[in-house]
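Here is the structure we will look at.
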Number of protein chains: 2
Amino acid sequence: MTLLRWPRPAGRPSNEPAALSKGKATSFDIAHMTGVSQSTVSRALRGSPLVSEETRQRIKAAADQLNYKVDKNASNLRSQHSGTLALLLFEDPTADESHINPFFLSMLGSITRACALRGYDLLISFQQLSYNWHADYADTKKADGLILLGYGDYLAYLDKLQNLADQGMRSIRWGAVLPDQPDISIGCDNFQGGRAIALHLLEQSCRRIAFLGDASSHYPEFFERYRGYVAGLQEAGLAADPALQVDAAESTEQAGYQALESLLARDTPFDAVFAASDLIAIGAMRALADRCIKVPEQVAVAGFDDIPMSRFLNPPLTSVLQDTKLAGETLVDNLLRLIRGEPVETRLLPVKLVVRRSSQFGKS
Amino acid sequence: MTLLRWPRPAGRPSNEPAALSKGKATSFDIAHMTGVSQSTVSRALRGSPLVSEETRQRIKAAADQLNYKVDKNASNLRSQHSGTLALLLFEDPTADESHINPFFLSMLGSITRACALRGYDLLISFQQLSYNWHADYADTKKADGLILLGYGDYLAYLDKLQNLADQGMRSIRWGAVLPDQPDISIGCDNFQGGRAIALHLLEQSCRRIAFLGDASSHYPEFFERYRGYVAGLQEAGLAADPALQVDAAESTEQAGYQALESLLARDTPFDAVFAASDLIAIGAMRALADRCIKVPEQVAVAGFDDIPMSRFLNPPLTSVLQDTKLAGETLVDNLLRLIRGEPVETRLLPVKLVVRRSSQFGKS
DNA sequence: CTGAAAGCGCTTACAG
DNA sequence: CTGAAAGCGCTTACAG
């Protein structure tokens, strides 16, 4: 009998073959099995060039046979990084808890995929604005970096972002890209999107275009869309009429419905509605339908985000498409760069106007 | 000066106050600061009854002051559990990579919330059916349990489920609840949902109700919906006509569009369409619209899942609502029970018929 | 109620 | 190219 007997690590009965102790094999088992040191096993499995090809093959074969997998907790503890990113979705505190904004859901999907392709795990959590993100994900070492996603009052959490940056947290935010921001953010070109909608509606012969959405620095993404809209009007020699701008801070149907009612209550004529998001547009279209105002015959409507349901609306909604696949990849890639200490470029992603029936003013 | 000086753990320069070494405080720092042992710090912070209230308060205060957080990797390694659940979304291999099935997105949201409320983290990943789930999430100790979500050929991954069960993996699956399953699954009452749709359509005076969706044990959820539909017909003294059942394995618009075209090609008269999912129904409605067949005037249509966009369709789609909030909570609670070694009851969740205009046969 | 000690399973200098 | 050793930061018997 030539089978060598190696000492077993404490805790495993020496009469039980390692191959049968399911999910329990350690690098020591592999080492004993192949007759090398545990350090060499670790090196081989991590692809270190310090191990000879022949040794590596033997070790890999043994690892496969024992169904061995590196214990992530141990390797993370030792190497001090987790191979995990955390995605924090912060929502309006008032949001209905059963539904997530479809746009963020779409982002979530693309971020998940991007992480998987790069070999990172993704931890997901919903957060209130009041929460201490850093403490829970960075200090506990659960994640190497944070992706922040969500609407909400920008000025209200500016301090928190500043704090994250001060503590050297690796985090990146989806949102408005502005000068003098404390953090690194990636967003789409809200300005050009707003401008494109305005130019498109003007081309449909609309002249009194209402804007539904907050137009203040509290909601910088909406504000950028608004500024693009104003710029578009100016190019056509028109001035934006303040009476045609109605606040809608939340991106919800309810907010859109109410915003349109406010607009109607002002008794200011309008022939088009540019909603700062598709959800707001959906609410506005419902309010118009309830008053028997026909879209697009009497009023043209356009939104922003191009969420999946927009093409199914009646009439289908003209909107601005944000490329969520590219957005997710860009967020992940830049966060990874940040983690590696490489320079990161704040980026503005291009948008695309998607014309559908809701904006064909006057046609039926 | 009465400030005591404690020895510093190796690795930290003793001239640097612990409070300034950001994100680096350990339980030893707290111990030194409060004059107790590190074990006591660990106990106090974990709420052990072995620590006196006074000591606990002092320790907690020190921990707050130093911004101390337990290192999850260390505690996980030592205690051998991760406080993390993994959600594996397995999709049809053919699925368009940019969009996730809206129903699963909704489940994802509710599972994320349920985990957060119970103090668990959630790891998310997309998986192909061919993947070795167990190895990647259980053997690596990244997660204490698995939640499996997704459509796909049930028979094709039965072996894998068996394997998971054999290896003692803590996992739970959303899907059909059938006798003799190798794993524990939770699902909605697909049978009663299918029956409710059939009875509803019959009530609208439909007599030739087509079923769009796979009706085989490869797709047991669809099959249960089909069996419910057959049962509903039987209650009205009608037999299901095989010519009215068209396969659609994937839950996509494309599959629905094609299924309806196949149905039309059969030249069998029908006055209603029951699609096995809303996505299939959406495709079918488009195919009907392309042929200028009016819904619900000429053909009534109903779906299943009640995804968010269904109420916005033209006409709004009658469907069967699955309570995703309850589903998410049930999945998480049962998985946690499984992890704790408690008995788990396979559960069938109730569904609710949601009637909208698409099924008002004959009306305009 | 508290402390000293062992050890979870790795990675990574250090030495050869 | 390989091995012996230290140590990541905790939790948990064990002893008092």
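Letters A, B, ... mirror the listed sequences (proteins, then strands); counts begin at 1.
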Separation of C:dC10 C1' from B:K142 NZ (nearest whole Å):
15 Å
Could you run through nucleotides 11-16 of chain C and give me one letter per nucleotide, 5' to 3': B if any protein heavy atom sits under 4.0 Å from the base, S if only the sugar-phosphate is that close, - if neither?
BBB---
If you pin A:N73 and B:T55 to their nearest nucleotides in DNA chain C, which one's is more 5'?
B:T55
State whether A:S52 places a side-chain N or O below 4.0 Å from either non-bridging phosphate oxygen (OP1 or OP2) of D:dT2.
yes
Is any side-chain heavy atom of B:L336 closer than 4.5 Å to one of B:L85?
yes
Quick one: are B:R118 and B:D333 in side-chain contact, heavy atoms under 4.5 Å?
yes
Could you check whether any side-chain heavy atom of A:L45 comes within less than 4.5 Å of a side-chain heavy atom of A:K60, counting everything from C-beta outward?
yes
If I take atom NZ in residue B:K72 and atom P in nucleotide C:dC10, what distance separates them, rounded to the nearest angstrom?
20 Å
Side chains of A:V36 and A:T55: closer than 4.5 Å at any heavy-atom pair?
yes
Write down the distance separating the P atoms in C:dG9 and C:dA13, rounded off to the nearest Å.
23 Å
Heavy atoms from C-beta onward define the side chain here; which of D:dA4, C:dG9, C:dG3 lies closest to that of B:V36?
C:dG3
In whole angstroms, how far is the C1' atom of D:dC8 from the CG atom of B:L77?
9 Å
C1' atoms of C:dT12 and C:dG16, separation to the nearest Å
16 Å
To the nearest angstrom, how far is B:Q80 atom CD from D:dC10 atom P?
16 Å
Could you work out the separation of D:dC1 and D:dA5 based on their P atoms and round it to a whole Å?
24 Å
Is there a side-chain contact between B:T40 and the phosphate of C:dG3, meaning an N or O under 4.0 Å from OP1 or OP2?
yes
B:L87 vs B:F104 side-chain heavy atoms within contact, under 4.5 Å
no
Could you check B:L335 against B:L338 for side-chain contact (heavy atoms from CB on, under 4.5 Å), going step by step and ending with a plain yes or no?
CA-CA 5 Å; B:L335 180 54; B:L338 215 53; 4.3 Å; yes
Dot-bracket notation for DNA chain D is requested: 5' to 3', Watson-Crick or G-U wobble pairs only, both distances under 3.5 Å, with ( ), [ ], | and . as defined.
|||.||||||||.|||
Between P of C:dG9 and CG of B:D71, the distance in whole Å:
17 Å
Round to the nearest Å and state the distance from B:I30 atom CD1 to D:dG9 atom P.
13 Å
Value in whole Å for how far the C1' atom of C:dG3 lies from CZ of B:F28:
11 Å
Would you mind listing every side-chain hydrogen bond (donor to acceptor under 3.5 Å, both in side chains) that reaches into residues 72-84 of chain B, with sequence neighbours excluded?
B:S82-B:D144
B:L122 vs B:V332 side-chain heavy atoms within contact, under 4.5 Å:
no
Keeping A:R56 on the side-chain end and A:V51 on the backbone end, is there a donor-acceptor pair under 3.5 Å?
yes
